[in-house]
Amino acid sequence: MNKQTNSTALRSHLCGDMRVENIGQKVTLCGWVGRRREHGEHLAFLDLRDFSGIVQCVVDNSVDVRSEWVLRITGTVQARPAGTVNDNIPTGKVELADCTIEVLNNAEPPPFPIDQRGDDVDENVRLKYRYLDIRRERMQKNLRLRASVNSAIRKSMESQGFTEIETPLLMPSTPEGAREFLVPSRNEPGSFYALPQSPQLWKQLLMVAGIDRYYQIAKCLRDEDLRADRQYEFMQLDAEMSFVNKDDVMAMISTAVIAAAKAATGSEPPPIERMTWHDAMNHYGIDKPDLRFEMKLIEMTEVFAKTEFKAFASAESIKAICVRAAEYPQQAASGRNKLDALTDKAKKLGAKGLVWIKVTEGFVLDSPVAKFLSESEQSQLISLTKAEVGDLILMVADTWSTTCSVLGQLRNDLGRPPVHEGPYRYVWVVDFPMFVGINPTTKMPQPGHHPFCHPHHEDVDRLESDPLSVRALAYDLVLNGWELGSGSIRIHEPDLQRRVFRQLGISDEDADNRFGFFLQPFKYGAPPHGGFAFGIDRLVAILAGEDNIREVIAFPKTQSGSDPMTNAPTTVNPNQLNELGIRLLPPAAK
RNA sequence: GGUCCCGUGGUGAAGUUGGAGUUCACGCCGCCCUGUCAAGGCGGAGGUCGCGGGUUCAAGUCCCGUCGGGACCGCCA
């Protein structure tokens with residue numbers, strides 16, 4: 001911030017800006033009383049705090065000012081006497097003397113310390129007094145970092161020719177996707193608006209409308225259960241471009257993300273690498289791989305092609321992960337209880353079982369199944385996993401997708417560091433499958449993404465003959481195992497759109513009923529287009545070194561969707577319900 | 001919908017095989033203190049151990065339920 005703009009009618013400077021250069025100046029500062037240190041009848045030290053930091057004020061001990069009172073202090077900046085410099089704070093070489101104190105407001109003692117110790121306070125208490133929590137340096141830093149990320153993104157998008165356009169919050173309910181928040185209509189009782197899960201429909205219409213490059217930092221709302229990385233309402237950089245291929249979109253988004261990261265951390269991350277969805281699943285067992293640690297899935301199917309071990313015989317896919325004692329001593333040394341728990345976990349995740357093998361002295365394998373494995377199988381197991389003595393090998397034999405996903409989950413459980421720990425590993429995951437399987441009841445392919453996602457040009461011919469082999473022009477951006485966002489090239493050809501709908505079991509008539517207002521415009525000359533959206537909260541949290549997006553949101557909700565400060569959600573006045581034509585049912589009996 | 005963890009003065013914790021609301025630190029109130037900086041010294045106030053049942057001579061402690069918070073699975077096209 002321009003220092004001159006910090007000067008106001010009430011103050012001349014900011015507390016945290018006081019430096020040796022200010023010595024001799026008469027300044028007026030405004031802020032809150034941090035700590036008070038009393039030293040007799042006529043000497044006390046006050047730490048005066050504003051958003052910029054704290055500065056020590058030397059005052060007469062007779063003044064009655066207490067914790068978190070709001071003061072305006074006029075005084076002279078002076079060098080601290082020799083031996084009293086505090087190197088731990090930026091203002092530690094100076095102090096404010098000859099202070100005249102004006103009490104702008106007094107305050108009750110805060111429920112928790114307005115400093116680093118607030119980090120240990122129950123989050124519910126922090127949220128109940130969020131306005132005090134935000135006074136703390138951590139939250140001030142996080143919210144300002146968030147603002148600088150937003151600013152860098154805007155600057156980057158604008159310099160790349162994108163036009164910012166706001167889209168409605170009140171829109172029709174759309175049948176697919178996440179659960180929506182509904183808003184009852186007063187003028188049409190019985191009818192509802194929905195709040196947008198994303199501006200997806202609007203931005204595609206803006207492409208039909210010839211905007212060419214649209215972006216918006218948009219609030220999105222989804223009525224799904226909350227998590228460390230999920231809130232009901234969250235911010236997305238939402239963008240869409242015309243006359244592009246996926247490389248164009250990924251380049252634009254990469255530029256914006258790299259600009260944001262640089263603004264937040266001061267250093268530019270390297271170009272973002274790419275990985276196909278198939279490779280991600282095959283090597284990491286998940287479509288949002290965390291590249292900060294190894295423990296990759298190791299292919300074992302061939303090794304056990306002719307095995308005598310029944311559980312492995314005829315399995316479509318056999319893979320292993322090696323928990324290395326050198327990196328994960330505790331996990332590798334897991335005892336029987338822990339291994340049984342891992343086996344239970346694997347079964348819960350859909351595997352038929354989990355084979356564990358401990359590599360003991362002399363590369364002797366300790367495992368309930370060791371006796372079923374031939375000498376050659378055992379030696380190949382060790383050489384392919386590069387296992388050392390003390391390592392723990394976990395194996396799953398199942399369908400390819402089950403083997404991958406179960407081991408991927410175990411890999412994350414056993415090895416994944418907290419999301420904010422460095423280094424930052426961005427990765428584009430590309431070539432997602434168009435369909436993720438066959439619905440057992442309808443016998444129809446299940447969509448991997450929304451149904452407007454364009455199939456890979458090379459695969460379009462197989463849409464009907466071999467739908468599961470069709471790749472989508474879809475891509476996700478992943479950072480440290482968190483999905484930052486996803487995008488795709490959209491279908492702009494009405495004929496192709498109908499073919500995709502039919503594959504999903506949606507007849508032309510159904511499609512018109514459910515998506516009519518959205519499909520109609522595409523008859524009037526839709527350009528080829530594609531776009532992306534990524535979650536600002538998640539990016540900011542990781543860049544801020546937090547592993548929870550609530551730490552970078554000013555007023556977040558708890559995991560149950562409530563706000564301890566405002567008590568939202570609340571009941572409403574019956575008159576409001578009457579006006580909306582809404583009558584409440586009695587609470588459902590349990 | 002499910003699995004797991006947590007709930008003790010304002011805050012953070014300790015509380016043993018069940019034995020008196022016991023303890024520690026910070027904060028708060030008062031007094032002392034002229035160079036501290038998470039100042040220091042002395043004194044004081046402050047709690048229905050989330051809530052409701054149960055077991056027991058006796059429950060913060062064991063059991064059941066419930067409420068609140070958190071992590072994860074489902075879910076989030």
Side-chain angles (χ1 to χ4, degrees), chain A residues 34-48 54-61 64 66-68 78 80-89 91-92 95 97 107-129 132-133 174-180 197-198 200 220-232 234 341 344-345 348-350 405 409 412-413 416 418-419 432 434-436 445-453 472 474 483 486 488 500 504 506 514-515 535 547-548 550 557-562 564 567 590:
Chain A
R35 310 206 65 79
R36 175 186 179 122
R37 296 174 291 277
E38 301 186 322
H39 288 271
E41 195 179 352
H42 293 297
L43 179 66
F45 300 105
L46 296 182
D47 289 335
L48 191 68
I54 59 170
V55 65
Q56 172 166 285
C57 303
V58 187
V59 302
D60 192 291
N61 203 2
D64 184 19
R66 300 174 186 226
S67 198
E68 298 308 312
Q78 69 177 25
R80 292 199 185 187
T84 66
V85 165
N86 183 351
D87 289 325
N88 297 320
I89 56 173
T91 62
E95 63 190 8
E108 289 183 20
F112 53 83
I114 310 299
D115 60 28
Q116 213 174 3
R117 284 170 294 182
D119 290 348
D120 299 326
V121 173
D122 188 295
E123 197 185 355
N124 209 33
V125 177
R126 289 175 56 203
L127 291 181
K128 186 172 178 184
Y129 301 93
L132 298 179
D133 192 36
T174 47
E176 305 284 325
R179 191 180 290 122
E180 298 168 314
Q197 310 161 31
S198 89
Q200 181 69 30
C220 304
L221 298 107
R222 294 179 189 172
D223 188 3
E224 297 290 350
D225 288 355
L226 294 80
R227 289 288 162 74
D229 60 349
R230 280 153 43 180
Q231 284 272 306
Y232 282 153
F234 57 99
D344 284 347
K345 177 95 193 235
K348 257 184 206 166
L349 292 168
S405 67
Q409 182 72 52
N412 270 348
D413 287 355
R416 188 159 177 241
V419 67
F432 275 74
M434 193 79 182
F435 307 102
V436 291
Q446 294 178 302
H449 290 73
H450 59 67
F452 313 116
C453 192
E483 179 189 322
S486 60
S488 64
V500 169
L504 296 170
I506 301 172
R514 290 160 69 174
F515 305 104
D547 51 20
N548 189 315
R550 294 188 297 271
K557 305 281 190 289
T558 65
Q559 197 168 74
S560 62
S562 64
N567 288 323
K590 289 204 172 175

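First the proteins, then the strands, lettered A, B, ... as listed; each starts at 1. All values derive from a computational prediction rather than experimental measurement.
Taking only distance into account, the side chain of A:R222 never meets the base of B:C75 through a donor-acceptor pair shorter than 3.5 Å. A donor and an acceptor atom never sit less than 3.5 Å apart when one is taken from the side chain of A:E38 and the other from the base of B:G35.
A gap of 7 Å separates the P atoms of B:G60 and B:C49, to the nearest Å. Distance noted for atom P between B:C4 and B:U8: 22 Å (whole Å). Here the separation of B:C33 from B:C42, taken at their C1' atoms, is 11 Å to the nearest Å. Going from the C1' atom of B:G18 to that of B:C63 covers 13 Å, rounded to whole Å. Atom C1' of B:C26 sits at a distance of 31 Å from the matching atom of B:G19, rounded to the whole Å. For the C1' atoms, the distance from B:G2 to B:C75 is 12 Å, rounded to whole Å. Nucleotides B:G10 and B:G27, compared at atom C1', are 7 Å apart to the nearest Å. Rounded to whole Å, the separation between the C1' atoms of B:A71 and B:G52 comes to 27 Å.
For B:C72, neither phosphate oxygen OP1 nor OP2 lies less than 4.0 angstrom from any side-chain nitrogen or oxygen of A:R416. Between A:Q446 and the phosphate of B:A77, there is no side-chain N or O to OP1/OP2 separation shorter than 4.0 Å. The side chain of A:S562 contributes an N or O atom lying less than 4.0 Å from OP1 or OP2 of B:G69. OP1 or OP2 of B:A39 has at least one side-chain nitrogen or oxygen of A:R37 nearer than 4.0 Å. Taking side-chain N and O atoms only, A:R230 has no distance below 4.0 Å to OP1 or OP2 of B:C72. At the phosphate of B:A71, neither OP1 nor OP2 sits under 4.0 Å from any side-chain N or O atom of A:R227. One finds a side-chain N or O of A:R66 lying less than 4.0 angstrom from the OP1 or OP2 phosphate oxygen of B:C29. Not one side-chain nitrogen or oxygen of A:T84 sits closer than 4.0 Å to the OP1 or OP2 atom of B:C37. In this model, the phosphate group of B:C32 is not approached by any side-chain N or O of A:N61 to a distance below 4.0 Å at OP1 or OP2.
Nucleic acid contact class of A:R550 (heavy atoms, under 4.0 Å, all strands): sugar-phosphate only. Contacts of A:P564 with the nucleic acid, taken as non-hydrogen atoms under 4.0 Å apart, are absent. Note on A:N86: a base of the nucleic acid sits closer than 4.0 angstrom, heavy atoms only. Using a 4.0 Å heavy-atom criterion, one finds that A:G118 contacts no nucleic acid atom at all. Within the nucleic acid shown, A:E41 comes within 4.0 Å of sugar-phosphate atoms alone, with no base atom in reach, counting heavy atoms only. Across all strands, A:R80 comes closer than 4.0 Å to base atoms (heavy-atom distances). Using a 4.0 Å heavy-atom distance criterion, A:V59 is classed as making no nucleic acid contact. Contacts of A:N548 with the nucleic acid, taken as non-hydrogen atoms under 4.0 Å apart, involve only primed sugar atoms and P, OP1 or OP2. Residue contacts shown for A:A228 are limited to sugar-phosphate atoms, with no base heavy atom under 4.0 Å away. Residue A:E68 is classed as having no contact, given no heavy-atom separation below 4.0 Å to the nucleic acid.
B:C4 and B:G70 make up a base pair, with Watson-Crick or G-U wobble contacts both under 3.5 Å. The base-pairing partner of B:G40, taking Watson-Crick or G-U wobble contacts with both distances under 3.5 Å, is B:C32. With a cut-off of 3.5 Å on both Watson-Crick or G-U wobble distances, the partner of B:C26 is given as B:G10. Nucleotide B:A59: unpaired (no Watson-Crick or G-U wobble partner with both distances less than 3.5 Å).
Between A:T558 and A:Q78, the residue anchored closer to the 5' end of RNA chain B is A:Q78, taking for each the nucleotide with the nearest heavy atom. The residue among A:L43 and A:K348 whose nearest nucleotide of RNA chain B is located toward the 5' end is A:K348.
The distance from atom CG of A:L221 to atom C1' of B:C76 is 13 Å, rounded to the nearest whole Å. Note: NZ (A:K345) to P (B:C4) measures 13 Å, nearest angstrom. A:R126 places its CZ atom 12 Å from the P atom of B:G70, with the value rounded to the nearest Å. Atom CG in A:D115 sits roughly 19 Å away from atom P in B:A25 (whole-Å rounding). Residue A:E483 contributes atom CD, which lies 14 Å from atom C1' of B:C75 at whole-angstrom precision. Separating the CD1 atom of A:I89 from the P atom of B:A39 is a distance of 11 Å, rounded to the nearest angstrom. If you measure from atom CG of A:N124 to atom P of B:C67, you get 16 Å, rounded to the nearest angstrom. Nucleotide B:G35 holds its C1' atom 17 Å from the CZ atom of A:R35, rounded to whole Å.
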After noting the C-alpha distance and the side-chain angles of A:R80 and A:V58, does the key distance pass the side chain to side chain contact (heavy atoms under 4.5 Å, CB included) rule? CA-CA 10 Å; A:R80 292 199 185 187; A:V58 187; over 6 Å; no

Stepwise side chain to side chain contact (heavy atoms under 4.5 Å, CB included) test for A:H42 and A:D60: CA-CA 5 Å; A:H42 293 297; A:D60 192 291; 2.9 Å; yes

Evaluate the side chain to side chain contact (heavy atoms under 4.5 Å, CB included) criterion for residues A:F435 and A:L504: first the C-alpha distance (whole Å), next the side-chain angles of each, then the deciding distance (0.1 Å), finally the verdict. CA-CA 9 Å; A:F435 307 102; A:L504 296 170; 3.5 Å; yes

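Taken from CD1 in A:I54 to OG1 in A:T91, the straight-line distance is 6.0 Å, to the nearest 0.5 Å. In this structure, the separation between CG on A:L127 and OG on A:S562 is 8.5 Å, given to the nearest 0.5 Å. Rounding to the nearest 0.5 angstrom, the gap separating the OG1 atom in A:T174 from the CD atom in A:E180 is 4.5 Å. For the atom pair A:S488 OG and A:Q200 CD, the distance stands at 6.5 Å (nearest 0.5 Å).
You'll find that the side chain of A:A178 is closest to B:C76, out of B:G27, B:C37, B:C76. Across B:A77, B:G35, B:A39, the shortest atom-to-atom separation from the side chain of A:F45 is found for B:G35. Here B:G1 is the nucleotide among B:U34, B:G1, B:A71 with the atom lying nearest to any side-chain atom of A:D225.
Salt-bridge formation is detected for the pair A:D47/A:R37: a Lys NZ or Arg NE/NH1/NH2 atom is positioned less than 4.0 Å from an Asp or Glu carboxylate oxygen. Using a cut-off of 4.0 Å between Lys/Arg side-chain N and Asp/Glu carboxylate O, A:D64 and A:R66 are scored as salt-bridged. The pair A:E123-A:R550 counts as a salt bridge, with a side-chain nitrogen and a carboxylate oxygen less than 4.0 angstrom apart.
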Across nucleotides 7-12 of chain B, 5' to 3', mark each nucleotide with B, S or - according to how protein heavy atoms within less than 4.0 Å reach it. ---SSS

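The shortest heavy-atom contact between A:V436 and A:P447 is CG2-O, 3.8 Å.
With A:E224 contributing its side chain and A:R179 its backbone, the two residues share a donor-acceptor pair below 3.5 Å.
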